[in-house]
Amino acid sequence: MFLFDLWAIGNYEWAVAFLWIAAVASLIFGLFLFASYLNSRKKNLLLWAYAFLGTWIFSYEMIDFITTETVRSPAGSVTTVTSGPGTYALLGGGFDTSMFGIFVGLLILLIPGFIAAGLCYHKSKKFGKIYTLYVVILTVLYMLFRLEPNTALMPTGLSAQIAAVLILLVQIPSGILIIALPIMKEGPLVPRTMVAVGGGVALIHNILMGLVIIMTSLGAPLLLEEGGTTDIFLMIYPFFFIISVVCMIFGLIGDKDYGFTIGNVKFED
Amino acid sequence: MKIKRNEFTTSLVVIALYAVTAALMLLSAYGAVCVAWDPIQTYAVFDPPFPPGTLMWPAQIENLVIFKISNIITWLGTFAWGWVIYATLTQKKGAYLTALITSVISFVMGLIPALIVDIAAPGVALARCEVMPPFMQPEGGCVLGTFSIGSPHWARTFANLLVILVLVIPPVRKSLVKFASAENRFTGNVAQQIMMMSMFFFWLSIMSFLGTNFMASAHIVQGINTWQLVEIQSIGAYTALVTGVSMLGGGFILKQFKPSNSLITSLEAN
C-alpha cells in the first residue's frame, strides 16, 4: 500500500529547509548591500543591508521556534510538548509578544522598519531621516516596555500590551510604505512591484501569525489533530517567508534606481 | 558579457540553494552513520548488550552495502557542493554541468536507501523496535504496514531534486551561464576566493554542531544518551571549523602578497 503521509515527514520540519534558504540568501545579499553602500555611501543601501542581515538572524530564530514546537512526547499530549520560547507562550496564552523573546521582538520591528526607511530615503532624504528616527525611537520604547516587568512599575500585563501596540505602530505604516512607494515610483513594472509583492506576502504571514496568537490566547487548540491551526500555520509559514524575502531581493537589487552596484560586474541597465 | 540584474540575483539565490543542500546532505550523513556503520561501542553500556544490528531495520541489515555506499557518497557530496559553489562564484567553466551532475548523483543515492527503508512488507516486525529512540519508531507501532516518508534520507533527496528542477528551468540556466562570464568576475584573486570559501566551511561547521545537538537529544535509549558514545561524528564539525579558520587566515596572509581587485573600491577611485 503506497501512502504519502505529509505529516510523517518529521512533523513538517522539512518546511524549515525553506527558512534556511531564505536565511542564506538574506546573508549573502545583506553583505553585498553593505559592500555596495561602502562604494556609494547611499543610506538606503545601508538600511537594507541591516534589514537583510536582521532577516538572516530572524530566520534562525524562526527555525528554532518551529522545530521546538514540533517535538512531542510519544504520548502526543499537548502538556508534554517540549518547552521552547514559542511553545511556552502559546500554551500560556495571552496576546503578547513574549513568544519570541525580546531580541527577536526587536527584529520584528527593525526589519520592516528599515526596509521602509530605505525606500523613504530613496524618495526623499528628509522623509527617510524622519522615518528612520521614528522606527528607532519606537524600537527603543519597545525594548523598555519589554524589560519593564523586571521593575514591576506597571500593572501586570500592561507593558506587554503596550509593546504589542508598538509593534503594530511600526509594522502597519512600514507595510503600507513597502507596498505603496515602489508602486508609485516610475520605471519598469517588474522589478519595482516585486518589492510591493514581497511586502504584501509579508503582511499576509504577519496577519496569520497574529491570528494564531490571538486564537491560542483565547483557548483554541494548538494541534491539527485536536482541531487547531497552529500546525498548519507553522507548516506554511516558511513558504510565505521565503517568497517575501526572495521578492524583496529581486526588487531591491533588480531596480537600478535603488543604486545597487557590484565592483567589476557590468549590468545591462 | 553584460548581465541583467535579475540574472545576477537568480544566480546568487541558486548559490544559496546549493549551500542549504550541502548542509542537508551533511546532516543526513550524520544521521545515517549509526545505521550504516553499526557502531558496536554503543552496545557495551547496555545489559544485556544488544546484538549487532539492533538499531537497524531488517531491510537495512539485508542491504548494508547500499547504505554504506550511500553514506560515503553523502559525505563526499557535501564537499562536492562546496566545489560547485566555488566554481560558480569564480566563474569556472563547467560549473553548471558540475552542479547538475552532483545533484543527480546525490538524488539517486538518496532515493535508493530512502525507498528501501520506507517500503516494507506488511506484518514485518522490527527487531527490538521497542527500545529504539522515539523518532525512529514508525507511527502506528513496530509492525510495519504501509509506506510513508519518514527516514532521514528524504531531506537531502528532496533538496537535490529541488536543485535539479531549478537548474533545468531555461531562465535559470541562462542566468548561471551568463554569471559564469569571466568579464564579470568579482571574486578577486586566489586570496579573496580562499577567504570567501572559508565562509562555506564555517557554514558547514555551524550545521554540523546544530546537527550534533539535534541528534544528541534524539538518541536517548534507556536513559542513556548514545550519541555521546559516537564521538567520531563531532570530528566533522571540528574539521570544518579548523578548515574554515585556516582558509580565512591563509587568505589574509596571501592577500598581503597579491594585489587584488575588490568588491569594495577605494574612496580615491570614486
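Just so it is clear: chains get the letters A, B, ... in the order the sequence lines come, proteins before strands, and each one is counted from 1.
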Sequence neighbours left out, what passes side-chain contact (heavy atoms from CB on, under 4.5 Å) with B:M199? Give chain and number order.
-> A:L31

Within a reach of under 6.0 Å around OH of A:Y50, are more than 12 heavy atoms found that belong to other residues, nucleotides or ligands?
-> no

Go through the atoms of B:T10 and report whether side chain, backbone, both or neither lie under 4.5 Å from a heavy atom of chain A.
-> both

Quick one: does B:R5's side chain have a donor or acceptor within less than 3.5 Å of a partner on A:F260's backbone?
-> yes

Straight-line distance of A:I253 CD1 to B:N6 CG, nearest 0.5 Å = 12.0 Å

Between the CD1 atom in A:I28 and the CD1 atom in B:I15, the distance rounded to the nearest 0.5 Å is 6.5 Å

With rounding to the nearest 0.5 Å, note down the distance linking CG in B:L17 to CZ in A:F18.
-> 9.0 Å

Hey, is NZ on A:K185 packed in by over 12 heavy atoms from elsewhere, all under 6.0 Å?
-> yes

B:A16 to A:A25 - nearest heavy-atom pair and separation | CB-N, 3.8 Å

Side chains of A:I21 and B:Y18: closer than 4.5 Å at any heavy-atom pair?
-> no

Mind checking whether B:W203 and A:W20 have parallel, tilted or perpendicular rings, split at 30° and 60°?
-> perpendicular

